[in-house]
Amino acid sequence: MYDKNIDKKWQKVWEDSKCFSAVDDFSKEKFYALIEFPYPSGAGLHVGHIRPYTGMDVIARMKRLQGYNVLYPIGFDAFGLPTENYAMKTGIHPRKVTDDNIKNFTNQLKSVGFSFDWDRVIDTTKDDYVKWTQWIFLQLFKKGLAYKDKTYVNYCPKCRVVLANEESQGGVCDRCDSQIVQMEKEVWMLKITDYADKLLEELNNLDFPDRVKTEQINWIGKSTGAQVKFKIKDTDEILEIYTTRPDTIYGVTYMAIAPEHELLDKLKDKIKNFDKIQEYRKEAMKKSEFERTQIVKEKTGVKVEGIEVINPITNKLIPLLVTDYVMVNYGTGAIMAVPAHDDRDYEFAKKFNLDIIPVVKPVNGELPEDKAYTSDEGIAINSDFLNGLNVKEAKEKMTQYMEENKIGVRKSQYHMKDWAFARQRYWGEPLPIVKCEKCGLVPIPEEELPLTLPKIENFIPGEDGKSPLVNVDEWVNTKCPKCSGHAVRETDTMPQWAGSSWYFLRYADPFNDKELASMDKLKYWLPVDQYNGGMEHVTRHLIYSRFWHRFLYDIGVVPTKEPYKKRTTHGLILGPDGNKMSKSKGNVVNPDEIVKEYGADTLRTYVMFIGDFSLSAAWSDNGVKGAKKFLDRVARIKDFTTNEYIENKELESNLHSMIKKVTSDYTDMKFNTAIACMMSYVNLLYKEEKVSVNYVKPLLILLNPVAPHVTEQLWEDLGLEGHIFESKWPQFDETKTVADMVEIPVQVNGVLRYKINVSKDLEQQEVEKIALAEPKLENYTRGKNIVKVINIKSKIINIVVK
RNA sequence: GCGGGUAUGGUGGAAUUGGCAGACACGCCGGUCUUAGAAGCCGGUGCCGAGAGGCGUGAAGGUUCAAGUCCUUUUACCCGCACCA
């Protein structure tokens, strides 16, 4: 039996021996295994944490036994709203809440037996960590990558904070699901768009799953096209537009401009229906971004009377319309509309009775009657010197022509926006900047870092997007570091994502007070060899941290362009009802209870066996019992294990193929099939009266990463030397992985009819002879001729008859 | 709308350079042990059929000696993005 009470005993042995602490011995081959560090919420460890942590734990433990110097660190991403909200509710200071939660998390993590290096624990809210988060911010500021800007920001009225684009996907708050609103506000931004191309390019050199790459590529959303100048008749003004289809310029029948566009104000005097335009603009701006981007919405707009735009290629006059289907914050906020080849323009043109001129026809077939032809498989028509060219050639030729004639320039656009980097809350890193009346925005000198939070009682944020820090006069009022005059501090704090954007660097050198981490240590430990995390972070944390890391590389602080060599992802664990676990649904499984009732190894084995690691899977209490049963079965092997050597050919070949399979399956994170393979092997052991300890020992080492407690115990019970954590990973002999006799299935016309047993070394021709000599064959060939025999070595024989 | 993913027994899931579909486990059935039960151990279990045999990987076609796997068409569900010009 696997007695859960042994868990504590082994956890103490590991802790006392420090066998999982990484050493900075640069002569050894390293392996840096990383999981996304938890947010220490009051709810405690979730069963969703167990799966990725165990998965990486298996790999970390295997790598150690394979002789690697493994760094498998843990820390806490502890700034953030839930803690602050809890503090507001209870009156307990966020510092205390955080410390208590971390203590609780630590105990829980230890009770599951993860092989983390507990000597390198990071808490992002501690002064010695905040110091370097702020330091990085200052470097960004110095390079012009942190700037303050008055723009429309996503604002969550419930949380009372500004949100980054990444946090307001779908028009709702990431955290509380409230509708977000657009608020004009001056906030700190990080210029992540400057790094869009670098982030995109390096993706090619990374070992990330395709769907992760695809999601990041889509999020960055690069498009290439041209920015083109259209003159406005009888004025000096120019309407600049961005298009990905310069080849369709002969098909432009109107121009469309966003309601917010400033050109409308400039042309005020020439616009005959300016009142009507103003009315429309007011209406449009009332709508939230979310409303404006609803698909079902009818297109609206107003013709700008008195204004005509000149097509720079044809010199034809075209009308200008203002419409909210054109976004002010993408491209130039204005477009050339080609209804024949754009769905939105088509819809709009139909509604407002505007011309539709086709300028591209399909290679084969006719132009569609009732919709736009948007495919770029086509040939230019009605387009003067472009006629006959395919879309790609036409695009290139037109762009060149535009550049030569100074009508337009080649241009790339990105879907990704700059990162709104400020939250109007208390529990975050203060922005190390002061506002001086004379000197403007002034960074705090680096030697004064960290800038710590003042102790306050009231954490409730202000109504209109103001931080609770605004009210702390003695903290806010300060001296300008430049001129010593009066200055006020920034009262916004950094978003939750700040600390997690560089924590993997600090693990390499967690106590360094001179630099964020020493170059020597970073050179040894970086990049992270494998980083496992959830899909939900692909367009947030994973992009942000790649951005910060690349910036730090560019200023010479870190040795690699990219932080993570390989990224893997885990699927969600769903509730027993197949739904996402949530308190409201009452389907949450508490890992503590599983550990208490069945032992840590049962929990670990179960979550590893539950299914494909990267796919979601529903929790099953019966499955947990099955895992326990398997571990009990393993523990009972000792009842029939003997020290005398008993040769067993069958066990021998199975042992070697198991070592091979388990090793590669662990590496590929196919834990479920690795465990299935070990289960089969255990089933084989049970068929024997007595088994030699040689056939048990390797099994214990292979199973150890998944079930470390029970295997160490059994190792001790069998009187084996030392501990498993001091052992070597077993090696397999390829020649021994195949049994002496192999079974070959024989098909007739593709249908399995019988099987033959042959020696593994038998010539293929001989195998075929045996297959054809089988008396049963007659039943299927009667009255027919054997036309052909397909003979695939040690796989299958197919006899084709007619 | 665009991009990505998934679909296999009563259940979770195995199986990819195309080569035995259903490994392993849960559940269920039977045996053994027991005064009895539980646990353990052993065996059975895709569907139809008494059997021979036939059918079977969301659906419909196709390629092939051979298709869960490749091709064409299509359905359902999940995730991401979404008037991005």
Side-chain angles (χ1 to χ4, degrees), chain A residues 1 169-171 209-219 221-223 225 241-245 248 256 290 292-297 299 323-327 329-338 341-345 347-348 374 413-417 535-536 538-539 571-572 578 580 606 609-612 614-627 629-630 632-633 636 639 670 672-683 686-687 743-755 779 787-802:
Chain A
M1 285 287 280
Q169 296 176 20
D210 283 343
R211 53 184 184 147
V212 172
K213 286 190 184 181
T214 312
E215 234 174 77
Q216 290 209 343
I217 291 167
N218 291 345
W219 184 257
K222 181 174 183 167
S223 72
I241 61 96
Y242 172 72
T243 179
T244 56
R245 294 292 301 273
T248 61
F290 186 61
R292 271 182 70 174
T293 56
Q294 287 290 311
I295 3 157
V296 282
K297 206 201 59 178
K299 292 210 172 6
T323 169
D324 67 2
Y325 87 79
V326 177
M327 303 291 135
N329 48 17
Y330 188 80
T332 61
I335 61 159
M336 63 177 216
V338 187
H341 305 293
D342 181 282
D343 292 327
R344 295 148 300 174
D345 297 348
E347 194 192 325
F348 191 81
T374 55
Q413 283 290 337
Y414 302 91
H415 177 183
M416 185 168 69
K417 294 175 185 167
M535 282 305 289
E536 69 275 19
V538 168
T539 52
L572 287 178
K580 213 169 160 176
Y606 174 62
F609 189 59
I610 194 169
D612 186 321
S614 66
L615 300 177
S616 57
W619 185 267
S620 150
D621 290 326
N622 276 330
V624 177
K625 287 180 192 144
K629 200 168 140 187
F630 168 61
D632 286 344
R633 226 166 128 78
R636 271 195 304 269
D639 298 344
K670 288 157 84 177
N672 53 337
T673 49
I675 292 170
C677 177
M678 289 185 282
M679 285 173 167
S680 299
Y681 184 77
V682 170
N683 290 343
Y686 268 74
K687 290 208 162 70
E743 197 182 54
I744 306 286
V746 182
Q747 297 178 331
V748 178
N749 284 351
V751 181
L752 178 71
R753 292 303 180 182
Y754 52 89
K755 293 172 180 179
N779 298 338
V787 187
K788 193 167 27 164
V789 177
I790 312 282
N791 186 354
I792 310 293
K793 194 175 184 330
S794 53
K795 278 267 160 90
I796 206 159
I797 290 175
N798 189 10
I799 300 162
V800 186
V801 299
K802 242 183 193 165

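The figures that follow rest on heavy atoms only: side chains count, while hydrogens, waters and symmetry mates do not. Below, chains carry the letters A, B, ... as their sequence lines are ordered, and counting in each starts from 1.
- Listed pair A:Tyr330 / B:A85 meets the phosphate criterion, a side-chain N or O lying under 4.0 Å from OP1 or OP2.
- Listed nucleotides B:C20, B:C65, B:C83 differ in distance to A:Val800; the shortest reach to its side chain belongs to B:C65.
- Separation of the C1' atoms belonging to B:C20 and B:A67 is 14 Å when rounded to the nearest angstrom.
- Listed pair A:Arg753 / B:C20 fails the phosphate criterion, with no side-chain N or O lying under 4.0 Å from OP1 or OP2.
- With rounding to whole Å, A:Asp621 atom CG is found 18 Å from B:U11 atom P.
- Taking side-chain N and O atoms only, A:Asn683 has a distance below 4.0 Å to OP1 or OP2 of B:A25.
- Dashed line: the shortest gap from a side-chain N or O of A:Lys795 to OP1 or OP2 of B:G18 is not under 4.0 Å.
- Using a 4.0 Å heavy-atom distance criterion, A:Gly626 is classed as a sugar-phosphate-only contact.
- A:Phe609 places a side-chain heavy atom less than 4.5 Å from the side chain of A:Met679.
- When the nucleotides B:G43, B:C41, B:G19 are ranked by their closest atom to the side chain of A:Ile790, B:G19 comes out on top.
- For B:C26, the base has no donor-acceptor partner in the side chain of A:Asn622 [N/O atoms by modelled type, under 3.5 angstrom].
- One C1' atom belongs to B:U72, the other to B:C55, and the distance between them is 25 Å to the nearest Å.
- Taking the side chain of A:Gln747 as heavy atoms from C-beta on, and the options B:C24, B:G43, B:A21, the nearest nucleotide is B:A21.
- Spacing of C1' atoms, B:G3 relative to B:U16, comes out at 24 Å, to the nearest Å.
- In this structure, A:Asn672 reaches the sugar-phosphate backbone alone: every heavy-atom distance under 4.0 Å involves primed, P, OP1 or OP2 atoms, never a base.
- Glycosidic conformation at B:G51 (O4'-C1'-N9-C4 for purines, O4'-C1'-N1-C2 for pyrimidines): anti, more than 90° from 0.
- Using a 4.0 Å heavy-atom criterion, one finds that A:Ser616 contacts the sugar-phosphate atoms exclusively.
- Checked by atom type, the side-chain pair A:Asn622/A:Ser620 shows no donor-acceptor distance below 3.5 Å.
- Using a 4.0 Å heavy-atom criterion, one finds that A:Ser620 contacts no nucleic acid atom at all.
- Looking at heavy-atom distances under 4.0 Å, A:Asp210 makes no contact with the nucleic acid at all.
- Rounded to whole Å, the separation between the P atoms of B:G1 and B:U74 comes to 13 Å.
- For B:C26, its base never sits under 3.5 Å from the side chain of A:Lys625 at any donor and acceptor pair.
- By the 6.0 Å and 45° rule, A:Lys299 does not stack over the aromatic ring of A:Phe348.
- Between A:Gln747 atom CD and A:Ile790 atom CD1 the span is 10.0 Å, to the nearest 0.5 Å.
- For the residue pair A:Asn683 and A:Arg633, a side-chain donor N or O sits within less than 3.5 Å of a side-chain acceptor on the partner.
- For A:Arg636 and B:C41, the shortest distance from a side-chain N or O to OP1 or OP2 is below 4.0 Å.
- When only modelled atom types and interatomic distance are considered, A:Tyr414 and A:Ser223 share no side-chain donor-acceptor pair under 3.5 Å.
- Of the candidate nucleotides B:A82, B:G19, B:A25, B:A82 has the atom lying nearest to any side-chain atom of A:His415.
- Within the nucleic acid shown, A:Asp612 comes within 4.0 Å of sugar-phosphate atoms alone, with no base atom in reach, counting heavy atoms only.
- The same atom, P, is picked in B:U57 and in B:C42; the two are 34 Å apart, to the nearest Å.
- Nucleotide B:C41 forms a pair with B:G31, judged by Watson-Crick or G-U wobble geometry with both contacts under 3.5 Å.
- With both ends at atom P, the span from B:G40 to B:C48 equals 30 Å, rounded to whole Å.
- With distances taken from any side-chain atom of A:Glu743 to the nucleotides B:C65, B:C20, B:C24, the minimum falls on B:C20.
- Of the candidate nucleotides B:A15, B:A66, B:G3, B:G3 has the atom nearest to the side chain of A:Asn218.
- For the OP1/OP2 pair of B:A25 and a distance below 4.0 Å, the side-chain nitrogens and oxygens of A:Arg633 include no atom meeting the criterion.
- Checked against B:A25, B:G4, B:A85, the side chain of A:Ile335 finds its nearest nucleotide in B:A85.
- Ranking B:C65, B:G43, B:G19 by closeness to the A:Ile796 side chain, first place goes to B:G19.
- B:U8 and B:G12: their C1' atoms are spaced 12 Å apart (whole Å).
- Rounded to whole Å, the separation between the P atoms of B:G22 and B:A14 comes to 15 Å.
- Nucleic acid contact for A:Gln413: none, since no nucleic acid atom lies under 4.0 Å from a heavy atom of the residue.
- One distance of note links NE2 of A:His415 with NZ of A:Lys417; it measures 6.5 Å at 0.5 Å rounding.
- Side-chain to base pairing of A:Lys755 with B:C20: one donor and one acceptor N or O lie within less than 3.5 Å of each other.
- Looking at heavy-atom distances under 4.0 Å, A:Ile610 makes contact with sugar-phosphate atoms alone, never a base.
- Closest contact between the side chain of A:Leu752 and the listed nucleotides B:A85, B:C20, B:C26 involves B:C20.
- As judged by a 4.0 angstrom heavy-atom cut-off over every strand, A:Tyr414 is placed among residues making no nucleic acid contact.
- The listed nucleotides are B:A23, B:G4, B:C83; the one nearest the side chain of A:Lys299 is B:C83.
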